[in-house]
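Report on the following structure.
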Amino acid sequence: MVSRIFTALSTAFSRIGALMRRPEAFVFLPALTLAAFWLGGERELILTALGAPLLFAISGAVRPQETPPDQLQVLEGLSLRAQIVGSLDAILRESHLSGRTTACLVVQFDLAEQIVEQHGRAAQTEVLARSAERICASLRAGDTVARLEGGGFAVALAAVRRLDIETVVQVAARLQTALSAPISLNATRIYTTSSIGFCLGNRAPEPTGASLLNAAQIAADDALRHGPSAIRSFSADMAATRADRDALRDELEHALDEGQIRPHFQPQISTHTGAISGFEALARWHHPEKGLIPPAEFLPMIEDAGLSERLGEVILYHAFSALARWDRAGLNVPTVAVNFSAPELRNPRLAEKLKWELDRFDLEPKRLSVEVLENVVAQTDNDIIVANIAALAALGCGIDLDDFGTGHASITSIRRFAVRRIKIDRSFVTKLDEDREQQKMVAAILSMAERLGLETLAEGVETPGEHAMLSQLGCGDVQGFGIARPMPVDETMEWIARHRAKVGAIPRIGSRAR
């Protein structure tokens with residue numbers, strides 16, 4: 001009997017203690033205090049009001065609120081490359097006995113660099129952490145998720161008896177759907193898309209986890225190039241294509257390092273005086289076996305290999321070297337124009353790097369014309385590109401809008417980017433002296449430029465008639481094969497001397513046609 005009473009009291013006290021250890025017990029504190037006053041008076045009221053919170057604290061009801069793990073901890077909780085390779089190895093080793101197989105998927109984010117450029121590294125970490133949570137929630141308990149270098153994720157599916165391409169495509173589509181939902185961050189909604197590559201266990205080049213993961217990575221790279229939101233299954237052709245592309249990249253890097261890729265310079269002259277107003281630096285590849293490779297053939301390769309910034313550095317160095325050489329020779333070459341690609345313009349330290357190069361060659365910023373394609377200006381909503389072009393203009397460099405008339409840049413864009421000069425695309429110049437409609441179009445462009453206070457240059461001039469008509473219509477400068485083809489810097493010295501000797505023969509018309 002006594003033991004039963006003791007057990008009952010122990011159970012009651014345990015339940016009361018458990019209740020007191022919960023934060024909800026604080027709800028009863030006012031009632032306890034009031035009951036103490038009714039039963040014992042003011043003294044018991046004071047004791048209860050002071051003692052009850054202490055009793056709750058001792059019992060554990062008052063605890064610091066557990067904070068959820070930060071986003072970095074979420075990422076650190078995932079497997080790494082070595083762990084997922086080990087998981088794949090274990091499944092593949094036993095597949096011939098168990099009859100079970102697996103597949104590996106690699107998830108990569110389209111336009112991942114834009115998140116960093118527009119929102120910063122902290123936002124990138126947040127996006128990756130949220131994405132990791134969504135990926136994990138979309139998979140089965142036995143699947144493994146690992147984070148990869150560069151911001152991607154790898155998924156190893158748990159071993160199953162039957163697994164085909166259609167099933168894995170469905171898994172990939174489910175992951176893309178989960179990742180497509182916007183992520184709210186600091187009152188901003190960030191939208192992401194992903195491209196996914198995968199490889200079935202029985203289609204890997206070798207029956208190892210490392211080979212399977214590498215095959216999925218190759219497929220993911222191919223998906224990324226065909227994205228956004230592409231899904232690709234690994235095939236042997238992809239591996240061969242990647243090997244060729246890697247070999248090409250090595251060849252391009254060697255060409256840049258060894259000086260095989262360097263600029264030729266095409267003169268720009270004034271239609272009013274015939275004087276040289278500048279040169280444009282245009283990349284050329286002097287291949288030791290194939291000879292001179294035109295830019296249309298290798299520039300897309302440069303971009304695809306991710307070497308646009310490296311090429312820009314090489315061309316800029318040679319352009320400044322040419323300016324310094326012309327100065328030492330006493331030649332009056334006011335400016336050199338250099339094309340800046342979108343990857344270069346996305347470098348947050350572009351203005352700082354350019355200023356250092358100008359100081360290194362002791363050149364004034366106004367002697368550099370920064371050429372930006374019209375489609376870059378027309379389509380960009382990238383804050384870094386906008387800030388970089390503004391910084392270069394503030395530095396004193398001239399901003400030239402290249403291929404004007406083909407990229408749908410608005411007048412607002414022209415003013416927004418502090419454009420100094422527009423380059424009329426060659427498509428408007430061809431047959432200009434014969435085509436009346438072409439003349440009307442170019443006259444309208446030149447009239448707009450005059451109203452906006454912009455200088456003008458027409459490219460692609462090939463005949464004396466086109467040259468003369470542009471002069472008559474009021475275009476400020478011209479360049480093209482009709483004046484001179486791009487040439488190595490050594491040849492520019494002789495060309496400048498010849499041009500000065502015959503400058504009086506350049507077709508000019510003194511007044512603008514109406």
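Between the Ser138 side chain and the Ala178 main chain, no donor and acceptor come within less than 3.5 Å of each other. A distance-only check finds a donor-acceptor pair linking the side chain of Thr271 to the backbone of Cys475 [under 3.5 Å]. Counting only distance, with no hydrogens or angles, the side chain of Ser447 and the backbone of Ala443 share no donor-acceptor pair below 3.5 Å. At distances below 3.5 Å, at least one donor-acceptor pair connects side-chain atoms of Thr192 with backbone N or O atoms of Leu179. The backbone N or O of Ala484 sits less than 3.5 Å from a side-chain atom of Gln266, completing a donor-acceptor pair. Without hydrogens or angle criteria, Asn388 side chain to Asn347 main chain gives a donor-acceptor distance under 3.5 Å. Of the possible polar contacts, none joining the His467 side chain to the Thr463 backbone as a donor-acceptor pair under 3.5 Å is found. Here the side chain of Asp400 pairs no donor or acceptor atom with the backbone of Val419 at under 3.5 angstrom.
Heavy atoms from other residues, nucleotides or ligands lying under 6.0 Å from CD of Glu494 number 12 at most. Residue Asp362 qualifies as open at atom CG: its count of foreign heavy atoms under 6.0 Å is 12 or below. Around atom CE of Met441, no more than 12 heavy atoms belonging to other residues, nucleotides or ligands sit under 6.0 Å away. Environment of CZ in Arg485: sparse, with no more than 12 heavy atoms of neighbouring residues, nucleotides or ligands closer than 6.0 Å.
Of all non-hydrogen atoms in Ser195 and Ala223, the two that sit nearest each other are OG-O, 3.6 Å. The heavy-atom pair separating Met487 from Pro267 by the smallest distance is CE-CD, 4.0 Å. Of all heavy-atom pairs between Cys104 and Ala216, the closest is O-CB, 3.5 Å. Closest heavy-atom contact between Val429 and Gly460: CG1-O, 4.0 Å. The two residues Thr430 and Gln438 come nearest to each other via the heavy atoms O-NE2, 3.4 Å. Taking every heavy atom of both residues into account, Gly476 and Thr456 meet most closely at N-OG1, 3.0 Å.
A search for side chain to side chain donor-acceptor pair (under 3.5 Å) contacts involving Glu303 returns nothing, not counting sequence neighbours.
Salt bridge present: Arg367 and Asp327 bring a charged side-chain N and a carboxylate O closer than 4.0 Å. With respect to Arg349 and Glu352, a salt bridge is recorded, a charged nitrogen being found less than 4.0 Å from a carboxylate O. Classification of Glu466 and Lys431 as a salt-bridged pair fails, no side-chain N sitting under 4.0 Å from a carboxylate O. Checked for salt-bridge contact, Arg130 and Glu133 miss the test: no charged N lies under 4.0 Å from a carboxylate O. Between Glu357 and Lys353 no salt bridge is recorded (no basic side-chain N to carboxylate O distance below 4.0 Å). Contact check on Arg310 versus Asp257 returns a salt bridge, with a Lys/Arg side-chain nitrogen under 4.0 Å from an Asp/Glu carboxylate oxygen.
Pairs of residues two or more places apart, or lying in two chains, that qualify as salt bridge (charged side-chain N to carboxylate O under 4.0 Å, His left out) and include a residue from residues 272-282 are Glu280-Lys423.
In this structure, Phe279 and Trp495 have perpendicular ring planes: the angle between them is above 60°, well past the 30° mark.
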Test salt bridge (charged side-chain N to carboxylate O under 4.0 Å, His left out) on Asp490 and Arg325; report intermediate values, then the result.
CA-CA 10 Å; Asp490 292 338; Arg325 185 172 176 180; 2.7 Å; yes
Passes side chain to side chain contact (heavy atoms under 4.5 Å, CB included), Leu392 versus Leu354? Steps please.
CA-CA 8 Å; Leu392 297 180; Leu354 191 58; 3.3 Å; yes
Worked check of side chain to side chain contact (heavy atoms under 4.5 Å, CB included) between Phe234 and Ile218:
CA-CA 7 Å; Phe234 172 79; Ile218 291 174; 4.2 Å; yes
Please test Leu323 against Trp326 for side chain to side chain contact (heavy atoms under 4.5 Å, CB included), starting from the C-alpha separation and ending with a verdict.
CA-CA 5 Å; Leu323 272 178; Trp326 293 325; 3.9 Å; yes
Show your working on side chain to side chain contact (heavy atoms under 4.5 Å, CB included) between Val171 and Arg174 and close with a plain yes or no.
CA-CA 5 Å; Val171 174; Arg174 187 165 70 244; 4.0 Å; yes
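The CD1 atom of Ile399 lies 10.5 Å from the CD atom of Glu371; values are rounded to the nearest 0.5 Å. In this structure, Phe109 CZ and Leu224 CG are separated by 11.5 Å, a value rounded to the nearest 0.5 Å. Here the straight-line distance linking atom CH2 of Trp285 with atom CD1 of Ile293 works out to 4.5 Å at 0.5 Å rounding. Of the inter-residue distances, the one linking Leu311 atom CG with Leu299 atom CG reads 6.5 Å to the nearest 0.5 angstrom. To the nearest 0.5 Å, the span separating CD1 on Ile422 from CG on Leu446 amounts to 7.0 Å. Note that CD1 of Ile302 and CZ of Phe298 are 6.5 Å apart. Values are rounded to the nearest 0.5 Å.
Within the 4.5 Å cutoff, the side chain of His286 has heavy atoms near those of the His264 side chain. Met301 has its side chain within reach of Leu252: a pair of non-hydrogen atoms, C-beta onward, lies under 4.5 Å apart. Inter-residue side-chain proximity for Phe153 and Leu105 is flagged as unmet; no heavy-atom pair is nearer than 4.5 Å. In this structure, Ile276 and Asn332 have side chains that are not in contact, with every pair of non-hydrogen atoms separated by 4.5 Å or more. Contact annotation: the side chain of Cys397 never approaches that of Phe340 to less than 4.5 Å [non-hydrogen atoms, C-beta and beyond]. Using a 4.5 Å heavy-atom cutoff, the side chains of Lys440 and Arg436 are in contact. In this structure, Leu368 and Val338 have side chains that are in contact, with non-hydrogen atoms separated by less than 4.5 Å. A heavy-atom distance below 4.5 Å is not found between the side chains of Leu401 and Arg421.
With 3.5 Å as the limit, one finds no donor-acceptor pair spanning the side chains of Glu459 and Gln479. Counted by atom type alone, His287 and Glu251 present one or more donor-acceptor pairs between their side chains at under 3.5 Å. Using a 3.5 Å distance cut-off with no hydrogens or angles, the side chains of Ser369 and Arg420 do pair a donor with an acceptor. With 3.5 Å as the limit, one finds a donor-acceptor pair spanning the side chains of Glu344 and Ser341. For the residue pair Asp221 and Gln217, a side-chain donor N or O sits within less than 3.5 Å of a side-chain acceptor on the partner. Of the N and O atoms on the side chains of Ser427 and Asp425, at least one donor lies less than 3.5 Å from an acceptor on the other residue.
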With a cut-off of 3.5 Å and sequence neighbours excluded, list every side-chain donor-acceptor pair involving residues 313-320.
none

